[in-house]
Asks: 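Okay, here's the structure, questions in a sec.
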Amino acid sequence: MVDAERFIEEATAEIRETVGDAHAVIALSGGVDSSVAAALAYRAIGDQLTPVYVDTGLMRKGETAGIRETFSFMESLRVVEAEARFFDALAGVIDPEEKREVIGEQFIREFEREARETEADYLVQGTIYPDRIESEGGIKSHHNVGGLPDVVDFEGIVEPVRDLYKDEVREVARALDLESVVAERMPFPGPGLAVRVVGEVTREKADVAREACHVVEEELEEYDPWQAFAAVVGKGTGVKGDNRVHGWIVAVRSVESRDGMTARAQEIDWETLQRIQSRITGSNENVARVVYDVTHKPPATIEYE
Ligand code: XMP
């Protein structure tokens with residue numbers, strides 16, 4: 001285990017030495033790794049660091065407000081309200097892989113613009129030890145390693161937590177008073193709610209998915225799932241008052257897994273499922289029905305796209 005206080009001292013000294021009087025920028029995701037890297041860099045160089053958080057409009061409920069609160073001590077924090085640009089870029093896109101590409105490209109564009117405006121010379125990244133091992137071993141290319149801007153010319157890349165394992169990063173987070181980012185959260189896909197909306201991503205569908213995911217996370221917490229969420233999977237007929245309506249079908253999914261490679265759909269009691277159904281249909285009059293997904297992985301994937 002790492003001696004957190006000593007690590008913080010050494011890491012900040014190293015950042016100060018590397019960056020000097022120059023400027024640095026970091027993309028904050030809300031995850032523990034980038035949060036710790038940002039907090040360390042901020043301690044080291046203060047407002048010479050610009051943390052950038054891009055709100056894609058596809059984040060969890062309350063995520064942006066949470067980021068503002070957690071990092072309220074950083075005066076240089078930039079929250080980029082990019083929802084409109086993401087939804088515009090996604091208009092008409094229905095292929096799941098194309099959605100991922102569009103989102104990845106738009107993210108880079110947003111971040112590059114901010115980096116250019118701040119005239120940052122250094123890029124700070126929250127790469128941790130397992131990320132480096134996986135990338136070097138060619139298992140997968142991790143987005144933290146060499147993935148971000150290659151258009152903006154940085155003088156150098158600073159990776160203050162590059163030698164730490166996840167549990168060590170959490171320990172350092174606690175020592176930095178970042179309790180709110182330490183909690184074990186369920187994995188949330190990089191493209192966010194876009195892969196929890198089947199077909200074209202619209203604001204309306206993203207809003208339905210966001211609220212429904214929030215309900216499901218709350219209601220199924222006691223089942224301790226690997227992931228529990230909801231997705232907008234299509235449209236179907238329902239009745240509201242005396243009228244037949246064509247509303248959204250929301251699928252609820254809760255799975256157990258060790259690593260996400262395979263997964264088992266969880267058995268949930270009927271009362272809980274009914275409570276979820278009633279909260280989701282009650283929160284949005286355009287939701288016509290709620291279904292529970294009983295499929296394991298394989299044959300299904302965890303996400304819908
Ligand atoms: P699937 O749906 O392939 O998901 O069974 C396995 C795990 O990966 C997550 N996932 C993603 N994570 N970018 C990510 O960062 C993606 O495009 C992506 N697609 C799926 C999913 O949430 C699950 O934990």
Side-chain angles (χ1 to χ4, degrees), residues 27-35 37 53-61 63 67 82 86 89-90 93-108 110-111 125-128 130-135 139-148 166 169 181 183-201 205-206 209-210 212-214 216-217 220-221 223-234 250-266 291-305:
L28 271 182
S29 70
V32 62
D33 305 342
S34 67
S35 297
Y53 168 77
V54 179
D55 185 353
T56 61
L58 302 163
M59 323 296 284
R60 281 185 256 221
K61 184 176 179 178
E63 188 81 347
I67 294 267
F86 275 86
L90 285 164
V93 179
I94 52 171
D95 179 76
E97 287 316 309
E98 200 184 332
K99 276 187 193 177
R100 287 183 168 84
E101 270 168 41
V102 167
I103 291 168
E105 274 171 28
Q106 187 65 36
F107 187 87
I108 289 175
E110 299 288 340
F111 187 71
Q125 298 210 108
T127 316
I128 66 172
D131 298 339
R132 291 200 290 138
I133 296 308
E134 283 183 6
S135 296
I139 298 168
K140 64 172 184 188
S141 72
H142 192 275
H143 65 276
N144 273 344
V145 186
L148 269 177
K166 198 78 170 187
V169 181
V181 302
E184 289 276 0
R185 292 167 98 191
M186 295 173 198
F188 187 69
L193 298 172
V195 291
R196 295 182 178 174
V197 159
V198 173
E200 188 181 11
V201 184
K205 284 157 92 177
R210 180 170 14 249
C213 280
H214 171 67
V216 171
E217 277 194 33
L220 296 183
E221 198 183 347
Y223 284 83
D224 196 22
W226 161 267
Q227 269 173 299
F229 61 91
V232 175
V233 296
V250 171
V252 174
R253 186 143 175 73
S254 188
V255 297
E256 289 166 7
S257 177
R258 252 186 38 207
D259 51 13
M261 302 293 281
T262 61
R264 285 193 69 78
Q266 283 189 311
V291 299
Y292 185 64
D293 188 339
V294 298
T295 328
H296 305 312
K297 173 183 181 177
T301 53
I302 294 176
E303 303 290 345
Y304 275 77
E305 289 208 327

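From a predicted model like this one, the values you see are computed outputs, not experimental measurements. In listed order, ligands and their atoms are each counted from 1.
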Asks: Just heavy atoms, cut-off under 4.0 Å: does R100 contact ligand 1 by side chain, backbone, both, or neither?
Replies: side chain

Asks: Applying salt bridge (Lys or Arg N to Asp or Glu O under 4.0 Å), which residue pairs with at least one partner in residues 292-305 are found, sequence neighbours left out?
Replies: K99-E305, R196-E303, R253-D293

Asks: Who pairs with D95 by side chain to side chain contact (heavy atoms under 4.5 Å, CB included), at least two apart in sequence or on another chain?
Replies: E97, E98

Asks: Within the supplied structure, the quantity of interest is the number of heavy atoms (other residues, nucleotides, ligands) at a distance under 6.0 Å from E200 CD; does it exceed 12?
Replies: yes

Asks: Indicate yes or no for a side-chain donor-acceptor contact from S254 to the backbone of Q266 under 3.5 Å, with no hydrogens or angles considered.
Replies: no

Asks: Considering only heavy atoms of T301, which atoms of ligand 1 have at least one such atom less than 4.0 Å away?
Replies: 1 (P), 2 (O), 5 (O)

Asks: If you measure every N/O of G190 against every N/O of ligand 1, is any gap under 3.5 Å?
Replies: yes

Asks: Tell me whether E303 has any N or O atom under 3.5 angstrom from an N or O of ligand 1.
Replies: yes

Asks: Mark up the atoms of ligand 1 that fall under 4.0 Å of a heavy atom belonging to P191, in ascending order.
Replies: 13 (N), 16 (C), 17 (O)

Asks: What do you reckon, does I302 have a nitrogen or oxygen under 3.5 Å from a nitrogen or oxygen of ligand 1?
Replies: yes

Asks: State, with a plain yes or no, whether a side-chain heavy atom of K166 is found less than 4.5 Å away from one of V32.
Replies: yes

Asks: Measuring from atom 5 (O) of ligand 1, which candidate in Q227, K297, R253, K99 has the nearest non-hydrogen atom?
Replies: K297

Asks: State the atoms of ligand 1, each with its element, that fall below the 4.0 Å cut-off from a heavy-atom position in G260.
Replies: 6 (C)

Asks: Determine whether K61 and E217 satisfy the following criterion, side chain to side chain contact (heavy atoms under 4.5 Å, CB included), listing intermediate values before the conclusion.
Replies: CA-CA 11 Å; K61 184 176 179 178; E217 277 194 33; over 6 Å; no

